[in-house]
Protein chains: 2
Amino acid sequence: MLSTDQGHARPDLAKSHALNTCPPDPVSKTIAARCSNCALRQICMPSDLSAGDLVKLDTIISSSRAVKRGEALYRAGDPFQSIYAVRAGSFKTVVIHRDGREQVTGFHIPGEPLGMDGISIEIHTCDAIALEDSSICIIPFHLLELLCRELKVMQHHVHKMMSGEIVRESGLMMMLGNMSADERVAAFLLNISTRLAVRGYSPLEFNLRMTRDEMGSYLGMTLETVSRMFSKFQKQRLIEAQGKKIRILDIDGLKLV
Amino acid sequence: MLSTDQGHARPDLAKSHALNTCPPDPVSKTIAARCSNCALRQICMPSDLSAGDLVKLDTIISSSRAVKRGEALYRAGDPFQSIYAVRAGSFKTVVIHRDGREQVTGFHIPGEPLGMDGISIEIHTCDAIALEDSSICIIPFHLLELLCRELKVMQHHVHKMMSGEIVRESGLMMMLGNMSADERVAAFLLNISTRLAVRGYSPLEFNLRMTRDEMGSYLGMTLETVSRMFSKFQKQRLIEAQGKKIRILDIDGLKLV
DNA sequence: CGCTGGATTGACTTGCGTCAACATACGTGG
DNA sequence: CCACGTATGTTGACGCAAGTCAATCCAGCG
(Lines give C-alpha, C1' and ligand atoms only; values in the text may rest on other atoms or scores of the structure.)
Protein backbone atom coordinates (compact mmCIF):
# COMPACT_ATOMS: atom_id res chain seq x y z
CA MET A 1 0.00 0.00 0.00
CA LEU A 2 2.75 2.33 0.90
CA SER A 3 6.32 2.81 0.11
CA THR A 4 8.82 4.93 1.91
CA ASP A 5 12.29 6.15 1.25
CA GLN A 6 13.61 3.52 3.58
CA GLY A 7 12.00 0.76 1.55
CA HIS A 8 14.45 -1.46 -0.30
CA ALA A 9 13.31 -3.36 -3.35
CA ARG A 10 13.79 -7.10 -3.23
CA PRO A 11 15.82 -8.32 -6.19
CA ASP A 12 13.05 -10.60 -7.40
CA LEU A 13 10.52 -7.79 -7.39
CA ALA A 14 12.63 -4.85 -8.45
CA LYS A 15 10.70 -2.22 -10.39
CA SER A 16 11.28 1.38 -11.21
CA HIS A 17 9.20 2.46 -8.23
CA ALA A 18 10.08 1.72 -4.63
CA LEU A 19 8.38 -1.22 -2.97
CA ASN A 20 7.58 -1.96 0.60
CA THR A 21 9.84 -4.63 1.88
CA CYS A 22 11.42 -5.83 5.05
CA PRO A 23 13.41 -3.09 6.69
CA PRO A 24 17.13 -3.34 5.90
CA ASP A 25 18.34 -6.86 6.58
CA PRO A 26 21.07 -8.03 4.25
CA VAL A 27 20.64 -11.68 5.18
CA SER A 28 16.94 -12.07 4.47
CA LYS A 29 17.31 -10.66 0.98
CA THR A 30 19.01 -13.69 -0.37
CA ILE A 31 17.56 -16.52 1.69
CA ALA A 32 14.29 -18.29 1.06
CA ALA A 33 11.28 -17.83 3.34
CA ARG A 34 12.56 -18.59 6.82
CA CYS A 35 11.16 -17.05 9.93
CA SER A 36 14.46 -17.51 11.67
CA ASN A 37 16.04 -15.08 9.23
CA CYS A 38 13.21 -12.68 8.66
CA ALA A 39 13.50 -9.07 9.64
CA LEU A 40 9.74 -8.93 10.10
CA ARG A 41 9.71 -11.71 12.67
CA GLN A 42 9.38 -9.27 15.55
CA ILE A 43 6.20 -8.03 13.95
CA CYS A 44 4.37 -11.15 12.92
CA MET A 45 5.66 -13.68 15.41
CA PRO A 46 5.96 -13.86 19.20
CA SER A 47 9.11 -12.13 20.39
CA ASP A 48 10.19 -14.73 22.90
CA LEU A 49 10.71 -17.85 20.83
CA SER A 50 13.67 -20.06 21.64
CA ALA A 51 16.07 -21.23 18.96
CA GLY A 52 14.37 -24.60 19.08
CA ASP A 53 10.97 -23.01 18.60
CA LEU A 54 12.29 -21.17 15.58
CA VAL A 55 13.39 -24.40 13.98
CA LYS A 56 9.87 -25.74 14.40
CA LEU A 57 8.50 -22.58 12.91
CA ASP A 58 10.76 -22.89 9.90
CA THR A 59 9.43 -26.36 9.22
CA ILE A 60 5.85 -25.17 8.90
CA ILE A 61 6.45 -21.88 7.15
CA SER A 62 8.65 -22.99 4.32
CA SER A 63 7.06 -21.38 1.33
CA SER A 64 6.42 -17.92 0.09
CA ARG A 65 4.67 -16.70 -3.00
CA ALA A 66 4.87 -13.70 -5.25
CA VAL A 67 1.61 -11.99 -6.18
CA LYS A 68 1.59 -9.49 -9.00
CA ARG A 69 -0.19 -6.16 -8.78
CA GLY A 70 -3.91 -6.68 -9.31
CA GLU A 71 -3.72 -10.44 -8.79
CA ALA A 72 -5.72 -12.19 -6.08
CA LEU A 73 -3.94 -14.07 -3.32
CA TYR A 74 -7.29 -15.72 -2.69
CA ARG A 75 -10.88 -15.01 -3.56
CA ALA A 76 -14.17 -15.21 -1.69
CA GLY A 77 -15.41 -18.76 -1.99
CA ASP A 78 -11.94 -20.31 -2.16
CA PRO A 79 -11.46 -23.16 0.29
CA PHE A 80 -9.45 -22.05 3.28
CA GLN A 81 -6.16 -23.80 3.96
CA SER A 82 -3.58 -21.26 4.98
CA ILE A 83 -3.20 -17.89 6.53
CA TYR A 84 -0.62 -15.52 5.18
CA ALA A 85 1.76 -12.82 6.31
CA VAL A 86 2.66 -9.97 4.00
CA ARG A 87 6.40 -10.09 3.33
CA ALA A 88 6.68 -7.24 0.88
CA GLY A 89 4.23 -5.01 -0.95
CA SER A 90 0.64 -4.47 0.09
CA PHE A 91 -2.86 -5.86 -0.27
CA LYS A 92 -6.45 -4.81 0.00
CA THR A 93 -9.25 -7.12 1.12
CA VAL A 94 -12.69 -6.62 -0.40
CA VAL A 95 -16.08 -8.18 0.13
CA ILE A 96 -18.46 -8.17 -2.80
CA HIS A 97 -22.17 -7.73 -2.39
CA ARG A 98 -24.42 -9.91 -4.54
CA ASP A 99 -25.50 -6.82 -6.49
CA GLY A 100 -21.88 -6.20 -7.44
CA ARG A 101 -21.09 -3.37 -5.07
CA GLU A 102 -17.79 -3.90 -3.33
CA GLN A 103 -16.43 -2.72 -0.02
CA VAL A 104 -12.76 -2.60 0.86
CA THR A 105 -12.47 -4.02 4.37
CA GLY A 106 -8.78 -3.52 4.92
CA PHE A 107 -5.31 -2.67 3.68
CA HIS A 108 -2.38 -4.84 4.66
CA ILE A 109 1.26 -3.87 4.79
CA PRO A 110 4.38 -5.95 5.50
CA GLY A 111 4.28 -7.88 8.75
CA GLU A 112 0.50 -7.92 8.86
CA PRO A 113 -1.61 -11.08 8.71
CA LEU A 114 -4.04 -11.98 5.95
CA GLY A 115 -6.67 -14.66 5.49
CA MET A 116 -8.05 -15.17 8.96
CA ASP A 117 -11.57 -14.56 7.72
CA GLY A 118 -11.52 -18.05 6.21
CA ILE A 119 -11.07 -19.99 9.45
CA SER A 120 -14.68 -19.64 10.47
CA ILE A 121 -16.38 -21.68 7.79
CA GLU A 122 -13.24 -22.93 6.06
CA ILE A 123 -14.01 -20.79 3.04
CA HIS A 124 -12.63 -17.35 2.40
CA THR A 125 -15.22 -14.62 2.65
CA CYS A 126 -13.33 -11.87 0.88
CA ASP A 127 -10.87 -11.31 -1.95
CA ALA A 128 -7.29 -10.38 -1.14
CA ILE A 129 -5.80 -8.36 -4.00
CA ALA A 130 -2.22 -7.15 -4.32
CA LEU A 131 -1.97 -3.37 -4.66
CA GLU A 132 1.54 -3.71 -6.09
CA ASP A 133 3.86 -6.57 -6.87
CA SER A 134 4.09 -8.28 -3.52
CA SER A 135 5.16 -11.42 -1.74
CA ILE A 136 3.68 -13.31 1.17
CA CYS A 137 4.56 -16.14 3.52
CA ILE A 138 2.23 -19.11 3.46
CA ILE A 139 1.30 -20.57 6.82
CA PRO A 140 -0.69 -23.82 6.49
CA PHE A 141 -3.31 -23.43 9.14
CA HIS A 142 -3.54 -27.03 10.32
CA LEU A 143 0.20 -27.01 10.93
CA LEU A 144 -0.06 -23.75 12.80
CA GLU A 145 -2.78 -25.25 14.97
CA LEU A 146 -0.52 -28.23 15.60
CA LEU A 147 2.28 -25.94 16.67
CA CYS A 148 -0.09 -23.97 18.89
CA ARG A 149 -1.03 -27.10 20.79
CA GLU A 150 2.63 -27.58 21.49
CA LEU A 151 3.83 -24.04 22.09
CA LYS A 152 1.85 -21.99 24.52
CA VAL A 153 3.53 -18.77 23.46
CA MET A 154 2.60 -19.40 19.84
CA GLN A 155 -0.96 -20.25 20.75
CA HIS A 156 -1.24 -17.06 22.67
CA HIS A 157 0.21 -15.08 19.83
CA VAL A 158 -2.23 -16.47 17.30
CA HIS A 159 -5.12 -15.64 19.60
CA LYS A 160 -3.84 -12.12 19.95
CA MET A 161 -3.55 -11.66 16.24
CA MET A 162 -7.11 -12.81 15.69
CA SER A 163 -8.42 -10.64 18.47
CA GLY A 164 -6.40 -7.78 17.01
CA GLU A 165 -8.36 -8.16 13.78
CA ILE A 166 -11.60 -7.95 15.74
CA VAL A 167 -10.46 -4.78 17.45
CA ARG A 168 -9.22 -3.28 14.22
CA GLU A 169 -12.59 -3.84 12.59
CA SER A 170 -14.58 -2.43 15.46
CA GLY A 171 -12.46 0.71 15.20
CA LEU A 172 -13.37 0.93 11.56
CA MET A 173 -17.03 0.48 12.38
CA MET A 174 -16.76 3.35 14.81
CA MET A 175 -15.41 5.42 11.98
CA LEU A 176 -18.03 4.38 9.45
CA GLY A 177 -20.86 4.82 11.89
CA ASN A 178 -20.09 8.08 13.58
CA MET A 179 -17.54 10.17 11.82
CA SER A 180 -17.84 12.84 9.15
CA ALA A 181 -15.87 12.66 5.92
CA ASP A 182 -13.03 14.90 7.10
CA GLU A 183 -12.69 13.03 10.39
CA ARG A 184 -12.51 9.73 8.55
CA VAL A 185 -9.79 10.80 6.18
CA ALA A 186 -7.79 12.32 9.03
CA ALA A 187 -8.19 9.16 11.11
CA PHE A 188 -7.14 7.07 8.15
CA LEU A 189 -3.94 9.05 7.61
CA LEU A 190 -3.09 8.86 11.29
CA ASN A 191 -3.73 5.12 11.32
CA ILE A 192 -1.41 4.58 8.37
CA SER A 193 1.14 6.80 9.99
CA THR A 194 1.26 4.80 13.24
CA ARG A 195 1.37 1.48 11.43
CA LEU A 196 4.35 2.71 9.45
CA ALA A 197 6.06 3.98 12.58
CA VAL A 198 5.73 0.54 14.22
CA ARG A 199 7.58 -0.89 11.25
CA GLY A 200 10.35 1.65 11.39
CA TYR A 201 9.31 3.72 8.41
CA SER A 202 8.83 7.46 8.44
CA PRO A 203 5.38 8.21 9.80
CA LEU A 204 5.28 11.62 8.19
CA GLU A 205 6.01 10.88 4.56
CA PHE A 206 4.68 7.96 2.57
CA ASN A 207 3.04 6.76 -0.59
CA LEU A 208 -0.54 5.57 -0.54
CA ARG A 209 -0.61 2.68 -2.97
CA MET A 210 -4.37 2.43 -3.26
CA THR A 211 -6.55 4.60 -5.49
CA ARG A 212 -8.87 7.31 -4.17
CA ASP A 213 -11.68 4.98 -5.10
CA GLU A 214 -10.32 2.18 -2.91
CA MET A 215 -9.70 4.59 -0.07
CA GLY A 216 -13.23 5.90 -0.46
CA SER A 217 -14.69 2.42 -0.41
CA TYR A 218 -12.77 1.63 2.76
CA LEU A 219 -13.84 4.88 4.37
CA GLY A 220 -17.44 4.71 3.23
CA MET A 221 -17.41 7.70 0.89
CA THR A 222 -16.96 8.50 -2.79
CA LEU A 223 -13.63 9.08 -4.45
CA GLU A 224 -14.59 12.71 -5.07
CA THR A 225 -15.12 13.30 -1.37
CA VAL A 226 -11.76 11.74 -0.55
CA SER A 227 -10.15 14.03 -3.08
CA ARG A 228 -11.91 17.08 -1.66
CA MET A 229 -10.77 16.23 1.86
CA PHE A 230 -7.18 15.97 0.69
CA SER A 231 -7.49 19.35 -0.97
CA LYS A 232 -9.06 20.82 2.14
CA PHE A 233 -6.32 19.50 4.44
CA GLN A 234 -3.77 20.84 2.04
CA LYS A 235 -5.36 24.28 2.13
CA GLN A 236 -5.27 24.07 5.93
CA ARG A 237 -1.57 23.19 5.74
CA LEU A 238 -2.14 19.92 7.59
CA ILE A 239 -0.67 17.83 4.79
CA GLU A 240 1.02 18.11 1.46
CA ALA A 241 -0.38 15.75 -1.14
CA GLN A 242 0.54 15.26 -4.74
CA GLY A 243 -1.34 12.25 -5.97
CA LYS A 244 -0.35 9.23 -3.92
CA LYS A 245 2.60 10.97 -2.26
CA ILE A 246 1.63 12.24 1.18
CA ARG A 247 3.54 14.34 3.66
CA ILE A 248 2.03 15.12 7.03
CA LEU A 249 2.84 18.69 8.04
CA ASP A 250 0.84 19.05 11.23
CA ILE A 251 0.11 15.76 12.90
CA ASP A 252 -1.50 17.34 15.95
CA GLY A 253 -3.70 19.43 13.73
CA LEU A 254 -4.81 16.28 11.96
CA LYS A 255 -5.76 14.73 15.27
CA LEU A 256 -8.06 17.64 16.00
CA VAL A 257 -10.00 17.37 12.73
CA MET B 1 -32.01 -8.30 22.81
CA LEU B 2 -34.99 -10.24 21.75
CA SER B 3 -37.59 -12.29 23.34
CA THR B 4 -39.93 -14.73 21.69
CA ASP B 5 -43.01 -16.54 22.67
CA GLN B 6 -40.97 -19.66 23.13
CA GLY B 7 -38.73 -17.92 25.65
CA HIS B 8 -38.99 -19.25 29.20
CA ALA B 9 -37.95 -17.08 32.10
CA ARG B 10 -35.30 -18.56 34.36
CA PRO B 11 -36.50 -18.65 37.98
CA ASP B 12 -33.65 -16.46 39.19
CA LEU B 13 -34.40 -13.80 36.63
CA ALA B 14 -38.16 -13.90 36.42
CA LYS B 15 -39.73 -10.56 35.54
CA SER B 16 -43.01 -9.45 34.20
CA HIS B 17 -41.61 -9.27 30.69
CA ALA B 18 -40.45 -12.30 28.77
CA LEU B 19 -36.74 -13.03 28.70
CA ASN B 20 -34.54 -14.81 26.25
CA THR B 21 -33.38 -18.06 27.67
CA CYS B 22 -32.27 -21.47 26.63
CA PRO B 23 -34.87 -23.16 24.50
CA PRO B 24 -37.05 -25.51 26.57
CA ASP B 25 -34.85 -27.83 28.58
CA PRO B 26 -36.29 -28.83 31.93
CA VAL B 27 -32.97 -30.04 33.28
CA SER B 28 -30.89 -26.94 32.70
CA LYS B 29 -33.34 -24.74 34.50
CA THR B 30 -32.47 -26.01 37.90
CA ILE B 31 -28.82 -26.95 37.58
CA ALA B 32 -25.84 -24.63 37.96
CA ALA B 33 -23.68 -23.63 35.01
CA ARG B 34 -22.61 -26.89 33.44
CA CYS B 35 -21.87 -27.29 29.78
CA SER B 36 -22.74 -30.95 29.98
CA ASN B 37 -26.31 -30.02 30.84
CA CYS B 38 -26.75 -26.89 28.80
CA ALA B 39 -29.29 -26.70 26.04
CA LEU B 40 -27.12 -24.10 24.31
CA ARG B 41 -24.13 -26.39 24.11
CA GLN B 42 -24.76 -27.18 20.47
CA ILE B 43 -24.50 -23.50 19.76
CA CYS B 44 -21.51 -22.34 21.71
CA MET B 45 -19.43 -25.50 21.89
CA PRO B 46 -18.13 -28.04 19.39
CA SER B 47 -20.76 -30.65 18.61
CA ASP B 48 -18.52 -33.66 18.75
CA LEU B 49 -17.20 -33.69 22.29
CA SER B 50 -16.89 -37.00 24.07
CA ALA B 51 -18.29 -37.54 27.55
CA GLY B 52 -14.76 -37.25 28.87
CA ASP B 53 -14.24 -33.97 27.05
CA LEU B 54 -17.41 -32.64 28.59
CA VAL B 55 -16.16 -33.40 32.07
CA LYS B 56 -13.04 -31.38 31.33
CA LEU B 57 -15.18 -28.57 30.01
CA ASP B 58 -17.25 -28.55 33.17
CA THR B 59 -14.14 -28.11 35.26
CA ILE B 60 -13.15 -24.90 33.50
CA ILE B 61 -16.59 -23.39 33.02
CA SER B 62 -17.96 -23.66 36.49
CA SER B 63 -19.32 -20.23 37.14
CA SER B 64 -22.00 -18.06 35.73
CA ARG B 65 -23.05 -14.55 36.60
CA ALA B 66 -26.22 -12.53 36.51
CA VAL B 67 -26.04 -9.07 35.00
CA LYS B 68 -28.92 -6.69 35.54
CA ARG B 69 -30.37 -4.56 32.79
CA GLY B 70 -28.11 -1.59 32.16
CA GLU B 71 -25.19 -3.07 34.07
CA ALA B 72 -21.82 -3.67 32.46
CA LEU B 73 -20.40 -7.16 32.21
CA TYR B 74 -17.09 -5.46 31.53
CA ARG B 75 -15.95 -2.03 30.45
CA ALA B 76 -13.31 -0.73 28.08
CA GLY B 77 -10.05 -0.58 29.98
CA ASP B 78 -10.86 -3.51 32.26
CA PRO B 79 -8.13 -6.13 32.37
CA PHE B 80 -9.01 -9.12 30.29
CA GLN B 81 -9.27 -12.48 31.99
CA SER B 82 -12.25 -14.36 30.66
CA ILE B 83 -14.45 -14.65 27.67
CA TYR B 84 -18.16 -15.15 28.13
CA ALA B 85 -21.11 -16.88 26.57
CA VAL B 86 -24.56 -15.39 26.83
CA ARG B 87 -26.79 -17.85 28.70
CA ALA B 88 -29.95 -15.83 28.87
CA GLY B 89 -30.92 -12.28 28.01
CA SER B 90 -28.97 -10.04 25.67
CA PHE B 91 -26.13 -7.55 25.51
CA LYS B 92 -24.85 -4.72 23.42
CA THR B 93 -21.18 -3.91 22.99
CA VAL B 94 -20.19 -0.28 22.56
CA VAL B 95 -16.97 1.55 21.90
CA ILE B 96 -16.71 5.09 23.15
CA HIS B 97 -14.86 7.81 21.31
CA ARG B 98 -12.77 10.20 23.38
CA ASP B 99 -15.20 12.99 22.52
CA GLY B 100 -17.98 10.97 24.12
CA ARG B 101 -19.71 9.73 20.99
CA GLU B 102 -20.50 6.07 21.23
CA GLN B 103 -20.95 3.37 18.62
CA VAL B 104 -22.76 0.12 19.24
CA THR B 105 -20.60 -2.58 17.66
CA GLY B 106 -22.83 -5.56 18.28
CA PHE B 107 -25.81 -7.20 19.89
CA HIS B 108 -25.42 -10.58 21.51
CA ILE B 109 -28.11 -13.16 22.13
CA PRO B 110 -28.02 -16.50 23.98
CA GLY B 111 -25.36 -18.89 22.75
CA GLU B 112 -23.21 -16.11 21.35
CA PRO B 113 -19.71 -15.29 22.60
CA LEU B 114 -18.66 -12.07 24.26
CA GLY B 115 -15.36 -10.51 25.24
CA MET B 116 -12.98 -11.70 22.56
CA ASP B 117 -11.95 -8.14 21.84
CA GLY B 118 -9.87 -8.24 25.03
CA ILE B 119 -7.51 -11.04 24.02
CA SER B 120 -5.43 -8.83 21.80
CA ILE B 121 -3.88 -6.49 24.34
CA GLU B 122 -5.29 -8.17 27.45
CA ILE B 123 -7.53 -5.20 28.06
CA HIS B 124 -11.12 -4.92 26.97
CA THR B 125 -11.66 -2.37 24.24
CA CYS B 126 -15.41 -1.98 24.54
CA ASP B 127 -18.18 -2.00 27.12
CA ALA B 128 -20.59 -4.93 27.24
CA ILE B 129 -23.93 -3.79 28.65
CA ALA B 130 -26.95 -5.97 29.42
CA LEU B 131 -30.05 -4.92 27.51
CA GLU B 132 -32.24 -6.82 29.98
CA ASP B 133 -31.63 -8.88 33.08
CA SER B 134 -29.27 -11.52 31.76
CA SER B 135 -26.88 -14.25 32.72
CA ILE B 136 -23.59 -15.38 31.24
CA CYS B 137 -21.12 -18.24 31.54
CA ILE B 138 -17.62 -17.25 32.54
CA ILE B 139 -14.81 -18.95 30.65
CA PRO B 140 -11.39 -18.15 32.12
CA PHE B 141 -9.30 -17.65 29.05
CA HIS B 142 -6.05 -19.16 30.27
CA LEU B 143 -7.92 -22.34 31.15
CA LEU B 144 -9.58 -22.37 27.76
CA GLU B 145 -6.18 -22.03 26.12
CA LEU B 146 -4.98 -24.92 28.27
CA LEU B 147 -7.86 -27.06 27.12
CA CYS B 148 -7.25 -26.05 23.52
CA ARG B 149 -3.72 -27.34 23.69
CA GLU B 150 -5.14 -30.66 24.77
CA LEU B 151 -8.26 -30.94 22.65
CA LYS B 152 -7.84 -30.34 18.96
CA VAL B 153 -11.58 -30.08 18.40
CA MET B 154 -11.86 -27.39 21.04
CA GLN B 155 -8.93 -25.49 19.64
CA HIS B 156 -10.50 -25.54 16.25
CA HIS B 157 -13.80 -24.41 17.62
CA VAL B 158 -12.29 -21.42 19.41
CA HIS B 159 -10.52 -20.40 16.25
CA LYS B 160 -13.75 -20.63 14.34
CA MET B 161 -15.57 -18.49 16.84
CA MET B 162 -12.93 -15.80 16.65
CA SER B 163 -12.86 -15.89 12.90
CA GLY B 164 -16.64 -15.75 12.95
CA GLU B 165 -16.42 -12.45 14.81
CA ILE B 166 -14.09 -11.11 12.13
CA VAL B 167 -16.51 -12.14 9.41
CA ARG B 168 -19.49 -10.73 11.29
CA GLU B 169 -17.77 -7.38 11.59
CA SER B 170 -16.73 -7.20 7.99
CA GLY B 171 -20.36 -7.79 7.06
CA LEU B 172 -21.32 -4.88 9.23
CA MET B 173 -18.68 -2.72 7.63
CA MET B 174 -20.11 -3.59 4.26
CA MET B 175 -23.43 -2.37 5.53
CA LEU B 176 -22.12 0.84 7.04
CA GLY B 177 -20.01 1.63 4.03
CA ASN B 178 -22.31 0.94 1.14
CA MET B 179 -25.93 0.65 2.04
CA SER B 180 -28.74 3.18 2.28
CA ALA B 181 -30.82 3.58 5.41
CA ASP B 182 -33.66 1.34 4.25
CA GLU B 183 -31.26 -1.38 3.11
CA ARG B 184 -29.51 -1.32 6.46
CA VAL B 185 -32.65 -1.65 8.50
CA ALA B 186 -33.90 -4.47 6.26
CA ALA B 187 -30.56 -6.26 6.49
CA PHE B 188 -30.60 -5.85 10.25
CA LEU B 189 -34.04 -7.40 10.60
CA LEU B 190 -33.07 -10.30 8.36
CA ASN B 191 -29.88 -10.83 10.33
CA ILE B 192 -31.78 -10.97 13.60
CA SER B 193 -34.28 -13.28 12.02
CA THR B 194 -31.70 -15.85 10.91
CA ARG B 195 -29.87 -15.75 14.22
CA LEU B 196 -33.16 -16.48 15.98
CA ALA B 197 -33.93 -19.30 13.58
CA VAL B 198 -30.57 -20.95 14.32
CA ARG B 199 -31.54 -20.98 17.98
CA GLY B 200 -34.94 -22.48 17.36
CA TYR B 201 -36.99 -19.34 17.89
CA SER B 202 -39.56 -18.00 15.49
CA PRO B 203 -37.74 -16.00 12.83
CA LEU B 204 -40.84 -14.02 11.94
CA GLU B 205 -41.97 -12.63 15.25
CA PHE B 206 -39.72 -11.21 17.93
CA ASN B 207 -39.03 -8.40 20.35
CA LEU B 208 -36.15 -6.04 19.75
CA ARG B 209 -34.78 -5.32 23.20
CA MET B 210 -32.64 -2.37 22.23
CA THR B 211 -33.88 1.19 21.77
CA ARG B 212 -34.18 2.90 18.38
CA ASP B 213 -31.19 4.94 19.43
CA GLU B 214 -29.04 1.85 20.00
CA MET B 215 -30.22 0.34 16.74
CA GLY B 216 -29.38 3.58 14.99
CA SER B 217 -25.94 3.71 16.50
CA TYR B 218 -25.29 0.15 15.37
CA LEU B 219 -26.59 0.87 11.89
CA GLY B 220 -24.89 4.23 11.52
CA MET B 221 -27.98 6.42 11.44
CA THR B 222 -30.13 8.51 13.77
CA LEU B 223 -32.98 7.12 15.82
CA GLU B 224 -35.43 9.19 13.77
CA THR B 225 -34.27 7.56 10.57
CA VAL B 226 -34.65 4.10 12.09
CA SER B 227 -38.16 5.01 13.12
CA ARG B 228 -39.00 6.33 9.67
CA MET B 229 -37.74 3.14 8.04
CA PHE B 230 -39.93 1.03 10.32
CA SER B 231 -42.91 3.17 9.40
CA LYS B 232 -42.06 2.90 5.73
CA PHE B 233 -41.76 -0.91 5.83
CA GLN B 234 -45.02 -1.04 7.68
CA LYS B 235 -46.72 1.05 5.00
CA GLN B 236 -45.29 -1.35 2.41
CA ARG B 237 -46.71 -4.25 4.41
CA LEU B 238 -43.28 -5.82 4.80
CA ILE B 239 -43.48 -5.83 8.58
CA GLU B 240 -45.80 -5.04 11.42
CA ALA B 241 -44.14 -3.08 14.20
CA GLN B 242 -45.55 -1.75 17.41
CA GLY B 243 -42.70 -0.40 19.41
CA LYS B 244 -40.22 -3.17 20.08
CA LYS B 245 -42.55 -5.95 18.90
CA ILE B 246 -41.77 -6.92 15.31
CA ARG B 247 -43.55 -9.29 12.96
CA ILE B 248 -42.10 -9.94 9.53
CA LEU B 249 -44.92 -10.20 6.99
CA ASP B 250 -42.97 -10.49 3.75
CA ILE B 251 -39.49 -11.82 4.24
CA ASP B 252 -38.74 -11.99 0.52
CA GLY B 253 -39.91 -8.44 0.11
CA LEU B 254 -37.51 -7.39 2.86
CA LYS B 255 -34.66 -9.08 1.04
CA LEU B 256 -35.35 -6.98 -2.02
CA VAL B 257 -35.24 -3.65 -0.19
C1' DC C 1 -53.22 8.83 37.35
C1' DG C 2 -49.56 11.44 36.19
C1' DC C 3 -44.52 11.09 35.16
C1' DT C 4 -40.68 9.74 32.36
C1' DG C 5 -38.21 7.71 28.71
C1' DG C 6 -38.92 6.16 24.32
C1' DA C 7 -41.12 6.40 19.67
C1' DT C 8 -43.24 8.82 15.93
C1' DT C 9 -43.89 12.42 12.69
C1' DG C 10 -43.16 16.83 10.43
C1' DA C 11 -40.44 20.95 8.75
C1' DC C 12 -36.20 22.51 7.65
C1' DT C 13 -31.08 22.20 6.70
C1' DT C 14 -26.89 20.31 5.02
C1' DG C 15 -23.12 17.09 3.96
C1' DC C 16 -22.13 14.30 0.74
C1' DG C 17 -23.32 11.89 -3.53
C1' DT C 18 -23.99 12.44 -8.49
C1' DC C 19 -22.82 14.07 -12.85
C1' DA C 20 -19.75 16.30 -15.70
C1' DA C 21 -15.70 18.61 -17.46
C1' DC C 22 -11.05 18.82 -17.26
C1' DA C 23 -6.14 17.72 -15.68
C1' DT C 24 -2.47 14.67 -14.78
C1' DA C 25 0.06 10.32 -14.37
C1' DC C 26 1.18 5.98 -16.14
C1' DG C 27 2.47 2.24 -18.98
C1' DT C 28 2.61 0.36 -23.53
C1' DG C 29 3.95 -0.09 -28.01
C1' DG C 30 6.11 2.01 -31.80
C1' DC D 1 12.68 7.39 -25.44
C1' DC D 2 8.69 9.55 -26.90
C1' DA D 3 3.63 9.75 -27.87
C1' DC D 4 -0.54 8.44 -27.29
C1' DG D 5 -4.45 6.31 -24.83
C1' DT D 6 -6.34 4.90 -20.70
C1' DA D 7 -6.71 5.16 -15.79
C1' DT D 8 -6.70 8.09 -12.02
C1' DG D 9 -7.29 12.50 -9.78
C1' DT D 10 -9.30 17.26 -9.22
C1' DT D 11 -12.83 20.64 -9.15
C1' DG D 12 -17.42 22.66 -9.75
C1' DA D 13 -22.63 22.76 -9.94
C1' DC D 14 -26.59 20.74 -8.29
C1' DG D 15 -29.91 17.61 -5.83
C1' DC D 16 -31.31 14.49 -2.40
C1' DA D 17 -31.01 11.34 1.55
C1' DA D 18 -30.48 11.67 5.97
C1' DG D 19 -29.41 14.71 9.90
C1' DT D 20 -31.31 18.27 13.13
C1' DC D 21 -34.73 20.39 15.80
C1' DA D 22 -39.13 20.32 17.66
C1' DA D 23 -43.82 19.01 18.79
C1' DT D 24 -46.58 15.29 20.09
C1' DC D 25 -47.78 10.68 21.21
C1' DC D 26 -47.53 6.46 23.77
C1' DA D 27 -46.36 2.83 27.14
C1' DG D 28 -44.78 1.28 31.25
C1' DC D 29 -44.23 2.16 36.06
C1' DG D 30 -44.40 4.16 40.60
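Throughout, a chain's letter reflects where its sequence line sits, starting with A, and its residues are numbered from 1.
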Any A:Lys244 side-chain nitrogen or oxygen under 4.0 Å from OP1 or OP2 of D:dG9: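 Yes, such a contact exists.
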Phosphate-side-chain proximity, B:Thr211 and C:dG5, N/O vs OP1/OP2 below 4.0 Å: no
A:Arg75 side-chain N/O to A:Cys126 backbone N/O, donor-acceptor pair under 3.5 Å: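 Absent.
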Residues that B:Ile251 engages under side-chain contact (heavy atoms from CB on, under 4.5 Å), provided they are two or more places apart: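 For B:Ile251 the side-chain contact (heavy atoms from CB on, under 4.5 Å) partners, ignoring immediate neighbours, are B:Leu190, B:Ser193, B:Leu204, B:Ile248, B:Lys255.
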Residues which pass side-chain contact (heavy atoms from CB on, under 4.5 Å) with B:Asn178, listed by chain and number, not counting sequence neighbours: A:Gln103, B:Met174
Would you kindly give the [atom1]-to-[atom2] distance between [X] and [N], to the nearest whole Å?
| X | N | atom1 | atom2 | answer |
| --- | --- | --- | --- | --- |
| B:Phe230 | C:dT8 | CZ | C1' | 13 Å |
| A:Arg209 | C:dC26 | CZ | P | 10 Å |
| A:Met179 | C:dC16 | CE | C1' | 16 Å |
| A:Met229 | D:dT10 | CE | P | 13 Å |
| A:Arg184 | C:dG17 | CZ | C1' | 13 Å |
| A:Asp213 | D:dA7 | CG | P | 13 Å |
| A:Arg212 | C:dT24 | CZ | C1' | 12 Å |
| B:Arg101 | D:dT20 | CZ | P | 10 Å |

Scan nucleotides 26-28 of chain D against the protein and return all N/O pairs shorter than 3.5 Å with their distances rounded to 0.1 Å.
none

Nearest to side-chain heavy atoms of B:Ser231, which nucleotide of C:dT9, C:dC16, D:dA18: C:dT9
For [X] and [Y], test the side chains for any donor-to-acceptor distance below 3.5 angstrom and give the result as yes or no.
| X | Y | answer |
| --- | --- | --- |
| A:Ser202 | A:Glu205 | no |
| B:Asp213 | B:Tyr218 | no |
| B:Thr93 | B:Thr105 | yes |
| B:Ser180 | B:Asp182 | yes |

Estimated bend of the helix from C:dC1-D:dG30 to C:dG30-D:dC1 (axis per five terminal pairs, rounded to 10 degrees): 40°
Nucleic acid contacts of residues 218-227 of chain A, taken as heavy-atom distances under 4.0 Å to DNA chain C: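 Within this stretch, A:Gly220, A:Met221, A:Thr222, A:Glu224, A:Thr225 sit under 4.0 Å of the strand.
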Set of residues satisfying ring-ring contact (aromatic ring centres under 6.0 Å, His included) with respect to B:Phe230, sequence neighbours excluded: none
Under 4.0 Å between a side-chain nitrogen and a carboxylate oxygen: does that hold for [X] and [Y]?
| X | Y | value |
| --- | --- | --- |
| B:Glu214 | B:Lys92 | yes |
| B:Glu112 | B:Arg168 | no |
| A:Arg69 | A:Asp133 | no |

Distance-only donor-acceptor test (3.5 Å): side chain A:Arg228, base C:dG15: no
Aromatic ring proximity A:Phe91/A:Phe107, centre distance under 6.0 Å: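 No, the ring of A:Phe91 stays outside the 6.0 Å limit from the ring of A:Phe107, centre to centre.
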